Amino acid sequence: MQKPAPSDYPVHELIRERWSPRAFAEKPVPKNVLRSLFEAARWAPSSYNEQPWAYLIAAKDDKDGFEKMLGVLVEFNAGWAKSAPVLAIAVAKLAFATNNAPNRNAQYDTGAATAFLCLEATAHGLAVHQMAGFDPEKARQVCGIPAGWDAIAALAIGYPGDPASLPQPLKDREMAPRTRKPIAEFVMAGHWGHTASFASK
Ligand SMILES: Cc1cc2nc3c(=O)[nH]c(=O)nc-3n(C[C@H](O)[C@H](O)[C@H](O)COP(=O)(O)O)c2cc1C
């Protein structure tokens with residue numbers, strides 16, 4: 001299923017086509033495609049080019065690894081994410097490697113890298129559903145995440161599937177229209193609350 005963004009203004013088709021399904025097809029993700037997803041993350045910009053991100057990944061053919069990662073998700077997410085062929089956890093290094101000073105953009109940069117990954121995934125006909133609903137401390141224990149690194153988000157990666165495979169409340173959410181705030185609500189002309197003139201229709 002596709003669910004293009006009904007954008008108010010023209011956007012690149014990768015932006016329009018990316019979305020977060022909960023139904024995934026059984027098809028595995030080829031290794032060369034996985035390489036491209038993480039290569040895309042690699043080329044994201046970051047503060048001081050620190051590249052503070054890391055990803056833990058478990059594909060379904062690694063039964064134990066997959067179950068382990070699934071067990072880190074909250075019950076609601078595990079319920080649908082189990083159908084994804086690949087799970088991942090995005091992790092951020094909280095201090096700069098050179099001087100150990102706190103990197104206040106570590107999570108921001110990790111999010112940017114993951115956004116690149118999501119768009120690359122879209123270009124391959126894949127979908128990525130990011131999740132805050134997981135237990136970061138459990139992820140630390142189960143996956144051996146070292147001190148100084150924080151798990152930021154879990155990801156379900158795969159080819160979009162048939163919404164009919166989902167239980168009823170999720171089926172409805174899968175089919176619901178996509179909504180966003182208008183740009184006039186969050187683009188301000190230099191002073192808080194002053195909507196930029198170009199942003200108003
Ligand atoms: C950081 C982050 C955390 C999210 N956490 C969850 C989650 O725990 N469970 C879930 O079902 N969706 C989660 N989502 C998906 C959002 O609900 C989804 O991106 C949003 O509704 C917009 O839909 P779209 O991605 O299809 O445009 C998360 C998305 C992001 C970026």
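Atoms considered below: every heavy atom in the structure, side chains included; atoms not considered: hydrogens, waters and symmetry mates. Remember, it's 1-based here, ligands and their atoms both numbered in the order they're listed. Predicted model, so just to flag it, every value in this text is computed and none were measured. If you read the sequence from its start, that first residue is 1, and numbering goes on from there.
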Original post:
In terms of heavy-atom contacts, does CD of Glu75 have more than 12 from other residues, nucleotides or ligands at under 6.0 Å?
Top reply: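 Open.
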
Original post:
Does CE in Met175 sit with more than 12 non-hydrogen atoms of other residues, nucleotides or ligands closer than 6.0 Å?
Top reply: no

**OP:** Indicate whether atom 4 (C) of ligand 1 is within a distance of less than 4.0 angstrom of some protein heavy atom.
**Re:**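 Given the 4.0 Å limit, the answer for atom 4 (C) of ligand 1 is yes, a protein heavy atom qualifies.
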
Original post:
Protein heavy-atom contact under 4.0 Å for atom 22 (C) of ligand 1?
Top reply: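 When distances to the protein are checked, atom 22 (C) of ligand 1 has a heavy atom within 4.0 Å.
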
Original post:
Does ligand 1 have an atom that lies less than 4.0 angstrom from a heavy atom of Phe134?
Top reply: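 No, Phe134 has no heavy atom closer than 4.0 Å to ligand 1.
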
Subject >> Closest candidate by heavy atom, reference atom 8 (O) of ligand 1, pool Asn77, Thr114, Leu155 >> reply: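 Looking at heavy atoms only, Asn77 sits closest to atom 8 (O) of ligand 1.
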
Original post:
Which option out of Met131, Arg22, Gln130 puts a heavy atom nearest to atom 11 (O) of ligand 1?
Top reply: Arg22

**OP:** Could you tell me whether the side chain of His12 and the main chain of Leu14 form a donor-acceptor pair under 3.5 Å?
**Re:**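 Yes: the side chain of His12 pairs with the backbone of Leu14.
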
Subject >> Pro21 backbone acceptor or donor facing Glu174 side chain under 3.5 Å >> reply: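 Not confirmed, Glu174 side chain does not pair with Pro21 backbone.
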
Original post:
Between Trp80 and His129, how do the two ring planes meet: parallel, tilted or perpendicular, split at 30° and 60°?
Top reply: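 Ring orientation, 0 to 90° scale: tilted.
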
Subject >> Note: Glu39-Arg42 ion pair, threshold 4.0 Å (strictly below) >> reply: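 Salt bridge between Glu39 and Arg42, a charged N being under 4.0 Å from a carboxylate O: yes.
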
Subject >> Electrostatic pair Glu13:Arg16 at N-O distance under 4.0 angstrom >> reply: no

Original post:
Do we see a donor-acceptor contact under 3.5 Å between the side chains of Ser47 and Tyr108?
Top reply: no

Subject >> Modelled atom types, side-chain donor and acceptor of Asn49 and Gln51, under 3.5 Å >> reply: yes

Atom indices of ligand 1 within 4.0 angstrom of [X] heavy atoms, with elements:
{"X": "Gly133", "result": "8 (O)"}
{"X": "Arg18", "result": "24 (P), 25 (O), 27 (O)"}
{"X": "Phe76", "result": "11 (O)"}
{"X": "Arg178", "result": "24 (P), 26 (O), 27 (O)"}

**OP:** Would you kindly specify which portion of Ala132 sits under 4.0 Å from ligand 1, judged on non-hydrogen atoms: side chain, backbone, both or neither?
**Re:**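 The answer is both, backbone and side chain.
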
Original post:
Under a 4.0 Å heavy-atom limit, does Arg180 contact ligand 1 with its side chain, its backbone, both, or neither?
Top reply: side chain

**OP:** Using distance alone, decide if ligand 1 has a nitrogen or oxygen within less than 3.5 Å of any nitrogen or oxygen in Trp19.
**Re:** no

Subject >> Any N or O of His129 closer than 3.5 Å to N or O of ligand 1 >> reply: yes

Original post:
Which residue and non-hydrogen atom of the protein lie closest to atom 26 (O) of ligand 1, and at what distance in Å?
Top reply: Ser20 N, 2.9 Å

